[in-house]
*Asks:* 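Just passing along the structure, written as structure tokens.
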Amino acid sequence: MNELLKQDISKAFEQSFNLAAGNELIIQKTRKEFIGDYTINVFPWVKQIRKSPEEIAQTIGNYLLNNCHYISEFQVIKGFLNLSIRTQTLLEQAFKEPTISQSKQQQIVIEFSSPNTNKPLHLGHIRNNLLGNSISLILSNFHNVIKVNLINDRGIHICKSMLAWQKWGNGQTPENTHIKGDKLVGDYYVLFDKEYKKQIEQLISNGYSKEEAEKKAPLMLEAQEMLRKWEQGDEKVHNLWKTMNQWVYNGFETTYQKLGITFDKIYYESETYELGKQYVLKGLSEGIFFQKSDGSVWVDLTQDGLDEKLLLRADGTSVYITQDIGTAVLRYNEFKPNRMIYVVGNEQNYHFQVLKLVLNKLGFSWANTIYHLSYGMVELPEGKMKSREGTVVDADDLIAELEHEAKQIALKSGKLKDADEITFQKGIEKIAAAALKYFILKVDPEKNMTFNPQESIDFDGNTGTFILYTYARIQSILNKASEQNIVVQKPDAIDINDKERELLLLLIDFPYVVAEAASLFNPAKIANYVYCLSKEFNQYYQSYPILKEENANIRNFRLILSQKIAKTIKRCCNLLGIETIDKM
RNA sequence: GGCCCUAUAGUUCAACGGAUAGAACGGAAGUUUCCUAAACUUUAAAUCCAGGUUCGAUUCCUGGUAGGGCCA
């Protein structure tokens, strides 16, 4: 519809004013207080044409009315040209299958999640996972998408939890404690920190400076020793490392399943950091990087407006970026993607600038295909989540809490009471997941968002529940229709009311919304759209009978419209990684 | 100290440079003999400040202020 209008309006400008409308031509929806469906604004051309806005709009309007069969009337208000589309055309457009994309255009690798194996997943990870997953789903309409995860499974922080377990673990395992693996390991990480702090305080009271104490604390020295042993391939350390990491992976898997997240390929930092090191050393020998007197390797980015950046520590151990270099190369060689997307928080904006530059300097022309999909932090009302202060919102706890709340509401309202135990539980889980996913995804990714644990996530208003409810309502109507042996079929020529018109226009919008979401990497566009569609339908439902409409032709139309809306809601939900349910 | 990001009702979010800035929650007032009230209707309430560009600025530019982040 949009394209068609654009073409014809461009033609109108050419024929009437011998002028290319160009990029200035923007079609928007007519505001509700005016008559019309689509609006263009002729102000941009007033200077060139040297006529009044009203005159220009009038001319274009006349041209369209005379030359385009689908325009039924137009109105000019100031510089705005409001066009009305023939109902028949709207019906055709709204009910045809949306052609989102014909062929897979590009190969895209998208990395998201990227957890550390020393801590359980929290709300920040949830945002990352949901964004990555939804964007993959959206892009899959246009491209061949490969979802990858990079697990940060090595380094000093991992050794800390290993060391603590070794010292104080008493042979605890997820099996014998019934504690989820990632939680158990996380507990030991916290324990390390606690004991480490005690040692620091002890040393300070013995006259050490804070800095000295932090370096000299025996626990820290032991952890560092463990890391060295790990890097040398010490068998005992490696066995412990493998065991504990496996606990964590099992734990993560449970959470991923709850969120409906899967990956096509998992990379481990322990398998890529050596490769990264090789490239850093290669760059050093080629004079791309330089070495400081202590032996550390750096890259000078002052020419590019940045600082010098450390690539390899003095003791030869690698830093974050070292392994990112290795992983990028590995990934490129494996998939030869046209584009590599990294879904990583905006705290790492600088890091990715550096990564791109470093890869460029190493001569990888594909470095420019890297796109850092940067998203804002999830904050609490009192500020950042801090694990030390215990304010981190744990992913599993949050999901459990939401399920509990959904259950209470369902029991109280008597919903789902006919369902058997399993269907009921499944329904609750899906409702809770939808509420969480929608809550996170409706916010523009680049913005920081606030999460209030007390108020938690709403089940009323602009929420995932509302969307699911609308869908279930329509399913209920359609089920009743089929019970009454009413066949949903195309109606004959029909007059439609304003609400129906609004709904048709929204349906026509769907493919454009998906395209916009894809080009902006922004699932919030889909979320806003589906909310708008659901709200519009609920209002419609309230004011007009659908199944109970007596005129069979109108009833037919209303049923087929409802069916189409349900289908579109479901599509949107699926793009957000949300599963719909037929009853609630 | 250098660089980056953000700023919209009491709160959480919308609004390709376009018409009277939309919603939700919360507040106030209503709607169940009728297709699911997790819904619907009515109502009060906002663009951080000062300049600039433009026919037109919440949106773009400059300078403040406040918050967040990154690099030392």
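In what follows, chains carry the letters A, B, and so on, assigned in the order in which the sequence lines appear, proteins first and then strands, with residues in each chain numbered from 1.
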*Asks:* How would you give the extent of chain A contacts on RNA chain B, as first and last nucleotide 5' to 3' within a 4.0 Å heavy-atom cut-off?
*Replies:*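 First-to-last contact on RNA chain B, by the 4.0 Å heavy-atom rule, is U6(B) to C71(B).
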*Asks:* Phe466(A) near the nucleic acid: base, sugar-phosphate alone, or nothing, with a heavy-atom cut-off under 4.0 Å?
*Replies:*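 Sugar-phosphate contact only.
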*Asks:* More 5' along RNA chain B: Glu446(A) or Ile477(A), using each one's nearest nucleotide?
*Replies:*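 In this pair, the answer is Glu446(A).
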*Asks:* Touch check for Ile546(A), heavy atoms < 4.0 angstrom, all strands: base, sugar-phosphate only, or nothing?
*Replies:*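 The residue Ile546(A) makes base contact.
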*Asks:* NA contact type, Thr39(A), heavy-atom cut-off 4.0 Å: base, sugar-phosphate, or nothing?
*Replies:*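 Contact class for Thr39(A): base.
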*Asks:* For Lys548(A), which contact category applies under a 4.0 Å heavy-atom criterion: base, sugar-phosphate, or nothing?
*Replies:*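 Base contact - Lys548(A) has a heavy atom under 4.0 Å of at least one base atom.
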*Asks:* Students often get this wrong, so: under 4.0 angstrom with heavy atoms, is Thr450(A) touching a base, only sugar-phosphate, or nothing?
*Replies:*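 Sugar-phosphate: the residue Thr450(A), judged by heavy atoms under 4.0 Å, touches backbone atoms but no base.
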*Asks:* What nucleic acid atoms does Lys525(A) come within less than 4.0 Å of, heavy atoms only: base, sugar-phosphate, or nothing?
*Replies:*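 Contact class for Lys525(A): sugar-phosphate only.
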*Asks:* Students often get this wrong, so: under 4.0 angstrom with heavy atoms, is Phe439(A) touching a base, only sugar-phosphate, or nothing?
*Replies:*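 Counting heavy atoms under 4.0 Å across all strands, no contact is made by Phe439(A).
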*Asks:* Between G56(B) and G17(B), how far is it from one C1' atom to the other, in whole Å?
*Replies:*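 Their C1' atoms lie roughly 8 Å apart.
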*Asks:* Which is true for Leu306(A) with a 4.0 Å heavy-atom rule: it touches a base, it touches only sugar-phosphate, or it touches nothing?
*Replies:*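 Leu306(A): no heavy atom of the nucleic acid under 4.0 Å.
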*Asks:* Describe the nucleic acid contact of Asn479(A) in one word from base, sugar-phosphate, nothing, applying a heavy-atom distance below 4.0 Å.
*Replies:*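 Result for Asn479(A) = nothing.
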*Asks:* Between Lys442(A) and Lys29(A), which has a closest nucleotide on RNA chain B that is more 5'?
*Replies:*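 The answer here is Lys442(A).
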*Asks:* At 4.0 Å (heavy atoms only), tell me whether Ala472(A) reaches a base, stays on the sugar-phosphate, or touches nothing.
*Replies:*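 Counting heavy atoms under 4.0 Å across all strands, the contact made by Ala472(A) includes a base.
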*Asks:* With heavy atoms under 4.0 Å as the rule, sort Glu379(A) into base, sugar-phosphate or nothing.
*Replies:*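 Answer is sugar-phosphate: Glu379(A) comes under 4.0 Å of backbone atoms only.
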*Asks:* Give one of base, sugar-phosphate or nothing for Lys583(A), where a contact means two heavy atoms less than 4.0 Å apart.
*Replies:*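 Since a base atom lies under 4.0 Å of Lys583(A), the category is base.
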*Asks:* Under a 4.5 Å cut-off applied to non-hydrogen side-chain atoms, are Phe74(A) and Ile60(A) in contact?
*Replies:*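 Contact flag for Phe74(A)/Ile60(A) side chains = no.
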*Asks:* Could you identify the nucleotide paired to C70(B), looking across every strand shown and requiring Watson-Crick or G-U wobble geometry with both distances under 3.5 Å?
*Replies:*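 Result: G2(B).
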*Asks:* Base, sugar-phosphate, or nothing: which does Asn452(A) touch, judged by heavy atoms less than 4.0 Å apart?
*Replies:*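 Nothing, no heavy atom under 4.0 Å.
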*Asks:* Can Lys361(A) and Asp304(A) be counted as an ion pair, charged N to O under 4.0 angstrom?
*Replies:*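 A salt bridge is present here (some side-chain N lies under 4.0 Å from a carboxylate O).
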*Asks:* Heavy atoms only, 4.0 Å cut-off, all strands: where does Met449(A) land among base, sugar-phosphate and nothing?
*Replies:*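 Result for Met449(A) = sugar-phosphate.
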*Asks:* How far, in whole Å, is U32(B) from U41(B) if one measures between their P atoms?
*Replies:*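 Per the computed distance, 15 Å lies between those P atoms.
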